[in-house]
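Excluded from the calculations below are hydrogen atoms, water molecules and symmetry mates; all remaining heavy atoms, backbone and side chain alike, are included.
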Amino acid sequence: MLDFPRWKIASILGLLAALMLLAVPSFVPERYTKDLGVSLPRINFGLDLAGGSYLLLEADTADVAASRIEQMRDTVATEMRRGTPKIGIGDISTRGGKLSFLLRDVTQVDEARERLLPLTNGAGLTGQRDWTIEVVDGQRFVLTQTQAGLTQAIDTAMADATEVVRRRIDELGTREPTIIRQGSNRIVVQVPGLQDPQALKDLLGKTAKLEFKLVDLTADPAEVAKGPRGNAPVGSQILPYTEGGSSIAVKRSVIISGDQLINAVQGNDSQTNEPNVVITFDSQGGRKFARVTQENVGKPFAIILDNQVISAPNINEPILGGTASISGSFTVETANQLALALRSGKLPVALKVVEERTVGPDLGADSIRYGITASIIAAAAVIVFMLVTYGRFGVYANIAVVINIVVIIGVLALLNGTLTLPGIAGFVLTIGTAVDANVLINERIREERRRGRSVIQSVELGYKEASRTIFEANMTHAISGVIMLLLGSGPVKGFAVVLLIGIATSVFTAVTFTRMLVVLWVRKNRPSEINI
């Protein structure tokens with residue numbers, strides 16, 4: 001019992017002191033620590049405490065199906081040209097949500113099917129393929145998306161969209177946003193501290209699908225003037241042009257896409273000094289862009305963002321070096337937003353805001369005030385009870401409770417955790433149960449004294465025998481917390497985080513720390529009786 005070496009005492013005190021120091025910045029207003037030039041760990045407040053913006057985004061699943069058909073169109077055209085012999089096909093149609101094309105040589109039906117089969121994959125564990133292949137009239141191929149394939153594509157697109165939304169919000173420099181999927185086609189976004197959600201909506205509303213395509217100069221101007229409803233030449237499409245609200249015909253084949261971007265920054269035009277966006281391609285994209293511009297000097301090409309042409313400059317000379325600029329009617333702010341959207345990647349599916357809420361900080365301030373009041377009342381009640389009931393040993397338990405409160409705050413700050421209203425509830429609950437271990441230990445020491453054991457033997461057996469019960473009880477407690485952490489979301493997860501931290505810190509302070517204090521007292525005074 002009395003064997004408590006100095007290194008262990010120093011380790012316990014050092015660990016607790018370090019964790020308590022981590023809690024200090026959370027008690028100091030951020031405006032006083034901002035000038036230090038060092039990012040200090042502190043607790044962040046959730047949306048329900050700090051206020052902020054809440055958005056519910058819904059994906060356009062029809063957009064996923066349309067994108068898959070366009071991708072398959074380009075892939076089929078490439079595969080038919082690739083290999084020996086080349087397979088000649090007519091125009092590829094995407095009408096009615098199906099992809100169809102006609103073979104020029106009927107004898108190549110089997111070869112065409114062999115090339116198409118690797119393009120269809122298994123749709124998860126359903127046993128189905130993501131596309132069906134049919135041959136109509138012995139010459140026309142029809143590819144149709146299966147429901148299993150479309151469901152898998154939507155799930156993948158939503159997972160990717162959630163990650164892109166997370167990257168875009170992180171670029172804004174906000175603290176601890178909550179971004180989670182809801183159902184099959186929705187994403188919940190909560191950004192604490194952001195009172196004006198308009199910039200967030202503008203940023204998340206951009207698909208940021210960037211494409212470079214050649215302008216089709218053979219298109220009939222009368223048809224182009226009709227806009228997207230006009231009839232474009234075969235292999236082309238008509239898109240809206242942001243300049244003057246007109247339209248423009250462009251080739252369907254993509255010269256280069258935003259997938260090959262490695263950076264995008266706001267810059268200024270060297271001649272007009274107007275804001276623009278300077279983009280840098282990867283090595284493969286840079287080579288492809290250089291080759292296309294070399295082959296099309298003197299021709300215009302379109303820069304397309306989210307299916308809208310934002311610029312259509314002439315290729316005056318080959319564009320080498322893998323760098324290009326996007327010009328348009330930009331302000332510095334809109335150019336920065338576009339660069340941010342392009343850097344964070346394109347959204348694989350269009351998102352629209354279906355619900356929006358702005359939570360003011362006043363309600364959160366009341367919650368914080370009431371939470372602090374509840375914590376103080378809980379701590380005071382526990383301290384008084386332990387002091388009256390167990391005397392000196394109650395003092396040791398009370399010291400452990402106070403240290404435990406500060407340590408929980410320090411650990412939360414170290415983890416850059418977010419404190420929510422349910423988290424405060426977990427905090428208060430932890431304070432109330434923090435002395436459970438000391439109650440078990442003290443009652444066991446009383447029992448051993450009644451059996452006639454000496455002070456040292458009673459204390460030693462009290463800690464030894466009670467510790468087993470303490471760890472078993474807290475293990476079941478922790479299992480419940482882990483389940484809430486893994487399966488819960490939002491408020492439930494916030495409650496579970498604080499609860500699990502509280503379990504770990506309270507066991508350490510109530511068992512190890514109080515045992516150290518008791519050992520130091522017993523070793524110094526060698527009491528023949530204890531008042532417990």
**Message:** Exactly one of Arg166, Met158, Gln182 should register a side-chain contact (heavy atoms from CB on, under 4.5 Å) with Ile187. Which one does?
**Reply:** Met158
**Message:** If the condition is side-chain hydrogen bond (donor to acceptor under 3.5 Å, both in side chains), which residues does Glu355 pass it with, not counting sequence neighbours?
**Reply:** Arg357
**Request:** Can you see which heavy atom on Ala312 is nearest to which on Val215, and at what distance?
**Result:** CB-CG2, 4.5 Å
**Item:** Val191 to Val189 - nearest heavy-atom pair and separation
**Value:** CG2-CG1, 3.8 Å
**Prompt:** Taking only residues two or more places apart in sequence or in another chain, which ones pass side-chain contact (heavy atoms from CB on, under 4.5 Å) with Ala264?
**Reply:** Leu261, Val277, Ile279, Ala339, Leu342, Arg343
**Request:** Not counting sequence neighbours, which residues clear side-chain hydrogen bond (donor to acceptor under 3.5 Å, both in side chains) with Lys226? List them please.
**Result:** Glu223
**Message:** Under the side-chain hydrogen bond (donor to acceptor under 3.5 Å, both in side chains) definition, can you give me all pairs with a residue in residues 291-302, not counting sequence neighbours?
**Reply:** none
**Message:** Going by the rule ring-ring contact (aromatic ring centres under 6.0 Å, His included), which residues pair with Phe141 if we only count those two or more places apart in sequence or in a different chain?
**Reply:** Phe101
**Prompt:** Does Ser283 have any side-chain hydrogen bond (donor to acceptor under 3.5 Å, both in side chains) partners at least two apart in sequence or in another chain, and if so, which?
**Reply:** none
**Asked** Arg73: what forms a salt bridge (Lys or Arg N to Asp or Glu O under 4.0 Å) with it, not counting sequence neighbours?
**Response** none
**Prompt:** Side chains of Gln237 and Lys213: is there a donor and an acceptor less than 3.5 Å apart?
**Reply:** yes
Output a table of donor-acceptor pairs, distance under 3.5 Å, between side-chain atoms of residues 247-256 and any protein atom two or more places apart or on a different chain; print 'none' if there are none.
{"residue": "Arg252", "atom": "NE", "partner": "Ser236", "partner atom": "O", "Å": "3.3"}

**Complete:** side-chain hydrogen bond (donor to acceptor under 3.5 Å, both in side chains) pairs touching residues 95-115, sequence neighbours excluded, are Asp105-Thr107, Glu111-Arg115
**For Asp155, all residues meeting salt bridge (Lys or Arg N to Asp or Glu O under 4.0 Å), sequence neighbours excluded** = Arg181
**Prompt:** With sequence neighbours excluded, what pairs up with Arg81 under the side-chain contact (heavy atoms from CB on, under 4.5 Å) test?
**Reply:** Ala77, Thr78
**Request:** With sequence neighbours left out, write down each residue that passes side-chain hydrogen bond (donor to acceptor under 3.5 Å, both in side chains) with Ser311, or none if nothing qualifies.
**Result:** none
